[in-house]
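Have a look at the structure below before the remarks.
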Amino acid sequence: MKKKPSTVLCAATGLSVLASCSAPSSNLRDSATTAAPAKDSRLSGKIVHEVNSYRATKGKAALVRHSGLDRLAQAHCDFLAMKEHKPGDYKVHVGHEGFESRAFIAKHAYGITSMGENVVASSKHSPKHLVVLWSKSPTHNSTMCDEWTYTGVATAVEPDGLVISTQLFGITPVAPGGAKAGMPLQ
């Protein structure tokens with residue numbers, strides 16, 4: 001979870017790791033990537049469905065998928081997937097490097113006035129499992145259940161089976177007459 005002001009929290013569960021906040025890091029891959037991670041838009045859609053189902057149990061409105069936030073989330077997943085790591089070392093894959101840049105782009109390109117972010121890396125590809133991981137962390141759960149309007153979700157699947165997922169959350173101001181400003185780009 002990442003919102004301003006930020007705090008640092010990383011929680012590990014088995015072969016899964018969550019990122020709540022992280023200071024920028026220069027732990028980038030020095031060598032060429034041998035196998036590029038795969039994008040899984042079906043998995044991303046299922047994660048949105050699971051998050052909305054979970055939010056409904058908490059009395060929260062469903063989030064609207066925002067293609068611009070999807071693109072920002074995918075760029076972050078791709079970045080995280082490029083990081084140097086040893087097989088089975090999933091902690092290196094979670095973090096919020098560049099969050100301020102994503103928030104800046106979301107504000108200026110899409111009218112998003114407030115934004116949050118959850119990141120997870122896991123060896124399990126179940127959307128329900130990923131949402132359960134977020135729900136068990138107080139800070140991730142708070143972000144997932146906050147008063148957001150829009151979401152963007154993306155995944156990267158490493159050749160060794162690790163799935164990395166980033167979910168962005170955002171709101172736009174309400175225009176006079178109750179209409180939402182900055183409708184999602186579809």
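- Residues satisfying the side-chain contact (heavy atoms from CB on, under 4.5 Å) criterion with Ser135, sequence neighbours excluded, are Tyr54, Val132, Asn141, Met144.
- Rounded to the nearest 0.5 angstrom, Arg102 CZ and Met115 CE are separated by 6.5 Å.
- Here salt bridge (charged side-chain N to carboxylate O under 4.0 Å, His left out) pairs that include residues 49-61, with residues two or more places apart or in two chains, are Glu50-Lys128, Lys60-Glu147.
- For Lys107, the salt bridge (Lys or Arg N to Asp or Glu O under 4.0 Å) criterion is met by no residue, not counting sequence neighbours.
- Shown here are the side-chain contact (heavy atoms from CB on, under 4.5 Å) partners of Ser101, two or more places apart in sequence or in another chain: there are none.
- A pairwise comparison of heavy atoms in Leu133 and Val120 identifies CD1-CG2, 3.7 Å as the closest pair.
- How far CD1 of Ile164 is from SG of Cys77: 6.5 Å, rounded to the nearest 0.5 Å.
- For the atom pair CD1 of Ile47 and OG1 of Thr155, the computed distance is 6.0 Å after rounding to the nearest 0.5 Å.
- By the side-chain contact (heavy atoms from CB on, under 4.5 Å) test, Ala73 pairs with Ala154, Thr166, Leu168, sequence neighbours left out.
- Minimum heavy-atom separation, Pro127 to Lys46: CG-CB, 3.5 Å.
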For a side chain to side chain donor-acceptor pair (under 3.5 Å) check, start with the C-alpha distance between Gln74 and Asp70, then their side-chain angles and the critical distance, and finish with the verdict. CA-CA 6 Å; Gln74 188 64 60; Asp70 279 351; over 6 Å; no
Evaluate the criterion side-chain contact (heavy atoms from CB on, under 4.5 Å) for residue pair Leu80 and Glu97; output intermediate values, then yes/no. CA-CA 9 Å; Leu80 292 174; Glu97 296 93 338; 3.8 Å; yes
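- When the options Gln167, Arg65, His66 are evaluated for a side chain to side chain donor-acceptor pair (under 3.5 Å) with Thr151, the one that passes is Gln167.
- The CZ atom of Phe104 sits 12.5 Å away from atom CG of Leu72, with the distance rounded to the nearest 0.5 Å.
- Taking the side chain to side chain donor-acceptor pair (under 3.5 Å) definition, one finds that Ser165 meets it with nothing, sequence neighbours left out.
- Between Phe99 and His96, the ring-plane angle classifies as perpendicular under the 30° and 60° cut-offs.
- Although no hydrogens or angles enter the test, the distance criterion places a donor-acceptor pair under 3.5 Å between the side chain of Asn118 and the main chain of His140.
- Looking at Ser53, its side chain does come within 3.5 Å of a backbone N or O of His49 through a donor-acceptor pair.
- The shortest heavy-atom contact between His125 and Leu43 is O-CD1, 3.2 Å.
- Separating the OG1 atom in Thr149 from the CD1 atom in Ile171 is a distance of 6.0 Å, to the nearest 0.5 Å.
- Of all heavy-atom pairs between Val119 and Trp134, the closest is O-NE1, 3.5 Å.
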Test side-chain contact (heavy atoms from CB on, under 4.5 Å) applied to Asp146 and Phe169, step by step:
CA-CA 9 Å; Asp146 212 341; Phe169 303 87; over 6 Å; no
